[in-house]
Protein chains: 2
Amino acid sequence: MKNDPAENQESIKAIPEPTLRRLPIYYQLLKSRLNAGSSEISCTTIADALHLTAIQVRKDLEITEASGKPKVGYNIKELIAAIENFLGWNSKSEAFLVGAGNLGSALIGYQGFKEYGLMIIAAFDNNPAKINTSVYGKRIFDIKKLSDMVRRMKVSIGILTVPAQYAQESANLMTEAGIRAIWNFSPTKIICRPDIVVQHENLACSLAVLSKKISEVAARRIS
Amino acid sequence: MKNDPAENQESIKAIPEPTLRRLPIYYQLLKSRLNAGSSEISCTTIADALHLTAIQVRKDLEITEASGKPKVGYNIKELIAAIENFLGWNSKSEAFLVGAGNLGSALIGYQGFKEYGLMIIAAFDNNPAKINTSVYGKRIFDIKKLSDMVRRMKVSIGILTVPAQYAQESANLMTEAGIRAIWNFSPTKIICRPDIVVQHENLACSLAVLSKKISEVAARRIS
DNA sequence: CCTTAATAGATAAACTTATATCTATAAAAT
DNA sequence: ATTTTATAGATATAAGTTTATCTATTAAGG
């Protein structure tokens, strides 16, 4: 059951997350090389630029089903298209954002997302001072309207940027309304039904890793 | 050399990153339970709240050297202090931020960091329209002044929130000035000397993971 | 036509992380 | 005071994932 290559129950061969996380890095490099006038690139070149090994790069790119030519490498445009296709970045996705605070507003204004096919089309908040105002051209609605609008506009992605104490209830509101995936930037874990995709983006967690790295390096300097 | 427990070269027994990333989650939960009036908490309770196993929670908390009592659990205040101490969050760290765009401004205004001992004391930009203005009470300086100020104020942490094409040169500027750790929010990888701590916080990478999860779930629904 | 260099595919090794088991301890209940 | 029970603490096992190695193949260049 383990080594059986014909596990046709899903045929989706779990993609390693580290690979997934490297793809956007390749993507960014490819775009920059394309702008610089290149048309082909080899694994070796990519690996050198990113301080990785050529083998790893090749294995990562393998899963996008992109095909390169021996002695030449990959066609950059094709490779970009393969990554976009693999990640689903070639089709547009619409998202609602809940919690129009500092971080929420920044995400609304962040131009980078549309490059990846993600469009934040509206925001929601419970603060009367913010309701019916606009941030970077996006209207902020009363959180009470979320449910209706999710249903009407069939939005399936929710971005959560509320304080910790409101995170779980906001997530519940979203999923009950029909949101299928939550990108959670609040500093707490949220628990959702198993069919809901939840991606945690907790700055405190990253800061913990950074803090520890710093103190380790500091300790090494002393010794 | 591998199984030798007496590898006294560093004695720092590498902390698993997943453990490190869970600590802030525990931390947040503990603070909320403390506010709710509790004074003790057991691994089982923590595990139930966060949908983890008690064994894993206990093992995670072990590395902070916190100590609990059988039949009762951990003293919440002590556990909070142990986590803070372990992560170095009980001492203040000062940071400079480079790139006062949307995301940069949001991070400047984000109140959460000071809870973890991180203080953004100034920001830098190359845009004349922004230089010498203030964001959430923090002055924005000319990027040309970065080097001097890092040296004078002995700031060792830099937060990088510039567009991809400026990321590497900004990082170079930082490290040459004496910055020891970079928290990189730009959508590209930066390459630094081995003694520099770099923590990548690439939203595109996270979005890739989210996108793939969504398409996998979508595929599962069809079948 | 032959050599070179790069990709493709398959297999093997290493590492990390998670889980389970066992013992000791301390508080609560009888 | 003794028994019970739940939890921490420590060690060992297992699982899973990632990375590396090896061989074959293909296209370009001399």
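Chain A is the first sequence line, chain B the second, and so forth, proteins listed ahead of strands; every chain is numbered from 1. Not measured: the values here are computed from a predicted model.
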>> If you only use heavy atoms from C-beta on, which nucleotide in D:dT7, C:dT7, D:dT19 is closest to the side chain of B:T44?
In response: D:dT7

> Of all the nucleotides listed (D:dA20, D:dT7, C:dA27), which has the minimum atom distance to the side chain of B:V72?
Replying inline: C:dA27

> What nucleotide among D:dA10, C:dT17, D:dT18 has an atom nearest to a side-chain atom of B:E17?
Replying inline: C:dT17

>> Counting C-beta onward and ignoring hydrogens, is there a side-chain heavy-atom pair between A:M174 and A:F124 closer than 4.5 Å?
In response: no

> For A:I55 and A:P18, take the nucleotide of DNA chain D holding the closest heavy atom to each; which residue's nucleotide lies nearer the 5' end?
Replying inline: A:P18

>> Taking the minimum atom-to-atom distance to the side chain of B:R22, which one of D:dA20, D:dT18, C:dA18 wins?
In response: C:dA18

> Given atom CG of A:N75 and atom P of D:dT26, what is their separation to the nearest angstrom?
Replying inline: 20 Å

> Roughly how many Å is it from CD in A:Q56 to C1' in D:dT18, rounded to a whole number?
Replying inline: 8 Å

> Out of D:dA12, D:dA28, D:dT18, which has the shortest distance to the side chain of B:K59?
Replying inline: D:dA12

> In whole angstrom, what separates B:I15's CD1 from C:dT17's P?
Replying inline: 11 Å

>> What is the separation between atom CZ on B:R58 and atom C1' on C:dC22, rounded to the nearest whole Å?
In response: 12 Å

> Between A:E62 (CD) and D:dT19 (P), how many Å, whole number?
Replying inline: 14 Å

> Salt bridge or not for A:K154 and A:E94, using N-O below 4.0 Å?
Replying inline: no

> Using 4.0 Å as the upper bound for N to carboxylate O, is an ion pair formed by A:E17 and A:R21?
Replying inline: yes

> Could B:K212 and A:F86 be counted as a cation-pi pair, given that NZ or CZ must be under 6.0 Å from the ring centre and within 45° of the axis?
Replying inline: yes

>> Both B:K69 and A:A66 contact DNA chain C. Which one's nearest nucleotide lies toward the 5' end?
In response: A:A66

>> Let's see if you can work this out: which of C:dT17, C:dT25, D:dG9 has an atom nearest to the side-chain heavy atoms of B:P70?
In response: C:dT25

> When you measure from the side chain of B:K71, which nucleotide among D:dA6, D:dA20, C:dG9 comes out closest?
Replying inline: D:dA6

